Amino acid sequence: MNQPIRRLALFSLALFGVLLLNITWIQAIQAESLREHPLNNRQYVDRLTVPRGPIVAGNEQVAFSELDEESEMYQRVYEGGELYSHVVGTFRTTGANGIEQTENSFLDGSDSRLVVRNFLDMLTGQESQGATVNLTIDPAAQQAAMDALQATGKHGAAVALDPSTGAVLASVSLPSFDPNSVSSVTDSGTAAANWGELEQDEAQPLLNRAFNQTYPPGSTFKIVTAAAALEDGATPESTQDAPEVLNLPAGGTMPNAFGAPCNNGSPDSLAHSIEISCNTSMANWAISLGEQKMAEQAEAFGFDTGEMGIPVPVAPSSYPSGLDDSQLGQTGIGQFDVRATPLQMAMVAAGVANDGTVMKPYLVDSVQGPDLSEITSANPEVYSEAVSSSTAEDLKDMMLLVTEGAEGSGTNGAIPGIQVAGKTGTAENGSGATHNWFISFAPADDPQVAVAVVIEHGGGSGNELAAPVARSIMEAVINE
Amino acid sequence: MSDALSTALPPVKRRNAELVMLLLAIGVTLFAFAEAGLTRNGELPPGLFAYGVTFGGLSLLAHVFIRFFAPWADPLLLPLATVLNGLGLAMIWRLLDATGDTENGSAMSQLIWTAISMIVFALIVFFLKEPRILQRYPYIMALSAVVLLLLPLIPGLGMTINGARQWISIPGLGSMQPSEFAKIALVIFLSGYMVTKRDVLSLASRRVKIGPVKIIDLPRMRDTAPMAVAWGFCIIVMVALMNDLGTSLLLFGTFLAMIYVATQRSSWIIIGLAAFFGACLALYPLVYHFSVRVDTWLNAFDPDVYNGELGANSQQLVRGLFAMGEGGILGTGLGGGKPGNVPEVQNDFIFTAFGEELGLTGCMVILLTLALLVQRGMRIALASRELFVKMFASGISFLLGFQSFVVIGGVTRVIPMTGATIPFVAKGGSALLASWIMLALLVRMSNNARKPAPQAIQDEGATQVISR
């Protein structure tokens, strides 16, 4: 019976071989990602005794660590409270989120690019320090967005991008919360309880609506429809039937919001349809273009391209598929199952502003070592070539009519002395009053900022509720 | 016989080599103690001298004992067991005593159990001159194995810990895990039984053919009875009544290995595995404890599973992996990590504490030590001449190896967690004692296998007088 014993011995050896391979996988290859796993609270608990680098917006430290003399632990302080909470995130004893999580290895100094310096610090007996993370956020724009959004008294979100780079200049989500209330190291019990309460809160204050909530974009999506039409060879003067109520081909009807035909009953031009936000003609555009061209155009702006990390996670926006002609018509005005994050709609505006090129959004401008040497620096990337520059030019002219035209539907977005290109949206949804949108960019001839604002269940119009918010953000950026 | 000759071990004692390796093992242990104490509390552990004298002294006594009573024993066995036991002891001291956590026991009780184990080790080596006498009582062994396994089911005596009913409480002595000893009794029974039934189990068969192609030789229906009994026992009693997945898996795995060694027929393994996994699939939705284990294994990193209710979440498993990730390649050094983040780390999850503090390097050392121990055991089985001893030695070695795989594979997420202890390393008196009993049996069998065959008294003449 020696042969089976030999085989059994080999089999036992193979079992140990499996274990050896597995621990090598865990401890050598996966170790880094295990250490940074979101469920792993060691990275937070263990490192409360190390000074963490600050997070900076503009010239302000919006998050920094302060030594608590009594407990000898470093307390994270969030200057500005709820103003930056969704972007910066929180650093708690039980976890972290936002930039605090995604840039943790820089902030706590464990990143390999900081290791040599830390080693030197150890040799010289100096305390090692984390790196400084500089955000792209413009404090003035952020404050303007927060103030204007709070003035509406509703839930909602606003995002501002620099169209030429993709840098996020402002990102606000309401309701918000004060990160200082959940990050105490000396009273971690209360902090954890507060966090638990926020998690349970039905208003979802922890949800970053700007990046992680999708809404039906409503009429702001008409920009995408118009882009698809122009790319297909149409001109701003091309027309479609624009009755007061459109009988959809596969059943159902679609009325215009203002209860009248768009061009006194005659077919309406694309430019005029955008200016007055005509539903029926834009639905006809979508139907005549077909699902594939619509989907391709949406994708070119960033829909259906999966989750993004900028570096904080961004939920995917989606354009539906498998549509009948009625549904297709509805997607032409951003209804049916079209879903977009505010960031996605800001990317649409930014793409038009930047001659048709959408830049990849990003939040971290640079990372500096404790000695102020630059460790990483943002490198603006092209996200997609959404439309040709002539199409972008046409779209810009149409969007200018929205704020400046005789029948403009978004005149509240206009800024005296500066040309603003915009588009309103009022989105029906299954769960209550309409969501009110405004997307825009300015100045039209040299765009510095592109904005998307959504007022959750505002129940008014985009012009009424969202456009003033967008305007004050744009003003804050331009007036600097 | 030529087969046996080719596998014979060289007739050398190598006792001095054993002594050197043993001193190394004791040195490693004491160094581990010192390092843990210095890192944790900035001073040498206050009990270092006492631990050193007791543990080192006992191990050296065991060595002297082997010198006298089993001089031909394999020289690797004792040092390997000693270094595992010593590292376990140091880690338990570091986890419990050094952190002031004395609720979960202390290294002192582990040291006492080490002493008891070594005494039992000596007694077995001394009294059990010929392991084959165990062959005479297969059914008594089977009965005692079953009784030991079922003891925890007796109301008042049995205790349920962490969902598994595998403990009994003895007033004044604390808790025991009788299944640890049942495993050994079962290996003895199977060795004796298989040796006698070997021919019928291996030869009588029905050949399954498709056309002219031979597919498999199936055993006759009536010969599958032992398999059916083992299967029924493992599934119904162990899993359904006692929730003791670990022991069930161990026993059935060892059973399959031994029937394979006896018969050299893969059809037994195929039938056995099919029956076992079939039963597992059927029981999966029915036994709550079972589905919990599988769910926490497959979806360990799902936040809902991680934060699930007490006893049904993957926190222990995932935190164990985090601990190992924290350790990386070189570890934090003994005493430098935070292994206490893993709940109940001193028991099944002690491996993750090694992973964190000694890193991949230390874990590899432990795994290789265990693997070497198993391979030495298998080597003894090869070198032995009697069928019963071959079965017995290979059975025990496989049990040691498979048990290590089940528990370490469980905590490192290769297989679902089942609950078992790393031989020699983990905290627990019964487990430690059972490990040392197995070591004593291996030492005795290796001595007999390596001892030179009896010499002829005279060089010439036809008649030889054999002395034994």
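We name chains A, B, ... by the order of the sequence lines, and we start the count at 1 in each one. The analysis underlying the following values was restricted to heavy atoms, covering all of them including side chains, and did not include hydrogens, waters or symmetry mates. For clarity, every value in this text was computed on a predicted model and none was experimentally measured.
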**Chi angles and distances behind the side-chain contact (heavy atoms from CB on, under 4.5 Å) call for B:Gln315, A:Leu39** = CA-CA 10 Å; B:Gln315 243 174 58; A:Leu39 287 175; over 6 Å; no
Please report the interatomic distance [atom1]([X]) to [atom2]([Y]), rounded to the nearest 0.5 Å.
X	Y	atom1	atom2	answer
A:Leu19	B:Phe351	CG	CZ	7.0 Å
B:Leu360	A:Thr24	CG	OG1	5.0 Å
B:Tyr260	A:Leu8	OH	CG	8.5 Å
A:Arg7	B:Met378	CZ	CE	14.0 Å
A:Trp25	B:Arg413	CH2	CZ	11.5 Å
B:Leu321	A:Ile23	CG	CD1	12.0 Å

Test your reading of the model: is there a side-chain donor-acceptor pair from [X] to the backbone of [Y], 3.5 Å cut-off?
X	Y	result
A:Gln27	B:Gly327	no
A:Gln30	B:Gly325	no
B:Gln264	A:Pro4	no

With only heavy atoms counted, which part of [X] is less than 4.5 Å from chain A, the side chain, the backbone, both or neither?
X	value
B:Val374	side chain
B:Ser404	both
B:Leu387	both
B:Ala323	both

Given the options [options], which has more heavy-atom pairs under 4.5 Å with chain A than any of the others?
options	value
B:Gly377, B:Gly359, B:Ala393, B:Gly409	B:Gly359
B:Phe322, B:Phe405, B:Phe398	B:Phe322
B:Gly401, B:Cys363, B:Gly328, B:Ala381	B:Gly328
B:Val414, B:Thr412, B:Ile408	B:Thr412
B:Met391, B:Gln375, B:Arg198	B:Gln375
B:Ala262, B:Gly355, B:Gly331	B:Gly355

**Prompt:** With a 4.5 Å limit on heavy-atom distance, are the side chains of A:Leu34 and B:Phe301 in contact?
**Reply:**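 In short, these two side chains touch, coming nearer than 4.5 Å.
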**Message:** Any heavy-atom pair between the side chains of B:Leu368 and A:Leu20 that's under 4.5 Å?
**Reply:** yes
